[in-house]
Amino acid sequence: MFDKSIIESWISEIKRGIIELCILALLRKREMYGYEISKELRSLTSDILAIEEGTLYPLLRRLTKRGFLEEEWRIVDGRPRKYYKMTDKGLQMYREMKVLWFSITDEVSKLLRGD
Amino acid sequence: MENRRAIEIMEDYLKKVQENLPEGLDGDIIEELRSHIIDMVNERGGLTVENVEWAIKRMGDPIKLAEEIAREEGYLKRKRIFEINLRWGDKTYRWGFELNEDIMEIFTSILWFIVIIVLFTSLGSIVYIFSTPQSGNIVDVLVNSVGSLISLLVFLFISMWLLSILSPENKRPVVRRIIKRKEKILVRRTSYVKTGGMFFSGFFLIIIAVFIGWFTLSYSSFTFVTRIVGLSLAIAFAYKGSILVAHSIYMAFEGKESLAINFVGSLSILVMIPSLILINLYPSQLQVPIIKSTYIEIKRISDILKYVEFIVIPLQYSILIQFVSIILIVAIVLYIVLKAATFTREKKIYEYLST
């Protein structure tokens, strides 16, 4: 019998690390606004990587502050919307994170396969 | 009707987020959050109360959201220790005291330390009284212990709170000077800490003023000059305290500081000028407190007065007193002139930047 809250906490910690990579992966394809990013994450990952709206914006601000994303306000259908675009630095970071991700998952998979 | 109510719910939520963001940070984040909520609501079928409530539930607790955003910007999270909520009609006004999260641990440790020290010294006194019944009164010990504890806690809290609000992490990021100036003048946002601090500072100043006034009038051995000085001090404190209380109420209602009230509050020091002139004309009439005994035994607070005596300034110090009083009058006048100039300049900048 395991404590569900421990599992949930573990999942939450894993997601926290992965979501940044996923956001960069989405913005690698094209620029998006906040709600679009949240929707794409939900639909492309079958809700597994669904992110709380309240978590998304602090993450986007963090990535922007670090220079990985650029933001731009535009008026769309008469409403202001902030679009996010990946920078060159962000692209470099994304490539490094992607390589690291595959090597980490490979090693963990090897370990789990041996069990 | 439904649309208006839905918009109200959304704006209330955004207002709560905004209120909990540090100064200067709430600019486009609120606009972005508004856009996000509208997108969510539109996808669900339009601007209805049900859809907005669903959307803001998905957004999460507004205070936590504001804290997370502030944390990403490098601001420390604050823990609210003490809050007063006043409901007036359909609005709620809040004043609160908060401490930075890095100070909380120190605060808690010192708090426990103070409680334990006061507890042990009180117990020690009570045990002593039981063993030597003529030595004192248990009720006095308890009253003094509670009084000491409250005073120490108030001092601790005020100093920790000052550390919190003065810490560099609470300052806005460095921006161009004109924007910083604009933010300072145009968007003088208030925080609960500032509003609460002003209210309680004003309240305490009024209490001190009442005490000084009562003491000045009731102590029979005061000269005319000393009484005028004492009453002037009491009036100055009462004036400043009232202005602080009024300003905090203004800030709670308007959400920003008032240049005019700030300036009017700084005029409290003018009350001291007549008494300084009197001191200059009759320096030998001014009295000062001295401790008249080398041996002091204090069992009650009122015992302190037995050992304090007010004596007139010796004649040989008259010239010094006159000189100091002139310096103080000049300093006060210069201070008021500087304050008036600052107020006028800030008002001009405000008017210029508002257009």
Side-chain angles (χ1 to χ4, degrees), chain A residues 8-9 12-13 15-17 19-20 23-24 26-27 30-45 47-85 90 93, chain B residues 3 6-7 9-11 13-14 16-18 20-22 24-47 51-77 169 172-175:
Chain A
E8 278 165 9
S9 161
S12 165
E13 281 178 31
K15 270 165 88 169
R16 200 173 259 281
I19 293 292
E20 282 188 27
I23 290 173
L24 288 173
L26 283 175
L27 292 172
R30 58 184 173 91
E31 54 190 23
M32 292 184 192
Y33 56 94
Y35 181 63
E36 206 180 353
I37 295 171
S38 159
K39 226 173 72 168
E40 287 290 297
L41 275 173
R42 223 174 267 274
S43 68
L44 289 174
T45 61
D47 262 4
I48 291 171
L49 290 175
I51 181 174
E52 262 186 30
E53 260 62 20
T55 316
L56 175 64
Y57 287 99
L59 270 176
L60 287 171
R61 282 187 95 86
R62 185 193 304 170
L63 291 169
T64 310
K65 265 195 94 172
R66 288 176 180 170
F68 301 151
L69 302 178
E70 262 170 7
E71 49 189 36
E72 189 192 352
W73 279 102
R74 287 180 207 161
I75 305 292
V76 176
D77 299 330
R79 269 200 300 122
R81 252 195 203 138
K82 192 191 268 188
Y83 279 80
Y84 292 89
K85 192 172 104 171
M93 184 66 190
Chain B
N3 271 4
I7 292 170
I9 294 170
M10 180 178 71
E11 291 301 328
Y13 176 84
L14 292 171
K16 276 184 195 140
V17 176
Q18 189 176 36
N20 285 282
L21 285 173
L25 200 56
D26 60 346
D28 64 357
I29 186 67
I30 299 299
E31 199 53 57
E32 203 175 357
L33 292 174
R34 183 181 288 114
S35 177
H36 191 107
I37 294 171
I38 292 172
D39 283 331
M40 287 168 75
V41 155
N42 282 345
E43 192 146 312
R44 231 173 113 91
L47 196 63
N51 288 346
V52 168
E53 280 173 351
W54 167 83
I56 65 177
K57 196 174 173 188
R58 277 264 294 266
M59 295 296 288
D61 179 66
I63 294 172
K64 279 203 180 113
L65 174 56
E67 279 175 352
E68 281 304 312
I69 292 169
R71 192 192 275 273
E72 288 303 332
E73 295 293 325
Y75 288 86
L76 291 174
K77 204 159 106 170
E169 284 80 14
R172 292 190 292 277
V174 173
V175 291

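Order of the sequence lines sets the chain letters (A, B, ...), proteins ahead of strands, with each chain counted from 1.
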Salt bridge present between A:Lys82 and B:Glu31 (N-O < 4.0 angstrom): no
Any carboxylate oxygen within less than 4.0 angstrom of a Lys/Arg side-chain nitrogen, looking at A:Arg81 and B:Asp39? yes
Would you sort out whether B:Ile29 and A:Arg61 count as a side-chain contact (heavy atoms from CB on, under 4.5 Å), showing the intermediate values? CA-CA 9 Å; B:Ile29 186 67; A:Arg61 282 187 95 86; 3.6 Å; yes
What is the minimum heavy-atom distance between B:Ser35 and A:Pro80, and which atoms define it? OG-O, 3.3 Å
Could you please spell out the steps behind the side-chain contact (heavy atoms from CB on, under 4.5 Å) verdict for B:Glu43 and A:Lys39? CA-CA 11 Å; B:Glu43 192 146 312; A:Lys39 226 173 72 168; 3.1 Å; yes
Residue by residue, scan residues 30-38 of chain A and write down, ordered by number, those that have a heavy-atom distance under 4.5 Å to chain B; if none do, write 'none'. A:Tyr33, A:Gly34, A:Tyr35, A:Ser38
Quick one: side chain to side chain donor-acceptor pair (under 3.5 Å) partners of B:Arg44, sequence neighbours excluded? B:Asn51
Just jot down the side chain to side chain donor-acceptor pair (under 3.5 Å) partners of A:Arg62, sequence neighbours excluded, or say none. A:Glu20, B:Glu72
Which atoms of B:Ile37 come close to chain A, meaning under 4.5 Å heavy atom to heavy atom: side chain ones, backbone ones, both, or neither? neither
Atom pair CG/CD1 of A:Leu59 and B:Ile69 - distance to nearest 0.5 Å: 11.0 Å
Inter-chain contacts: residues 53-62 of chain B against chain A, heavy atoms under 4.5 Å: B:Arg58, B:Met59
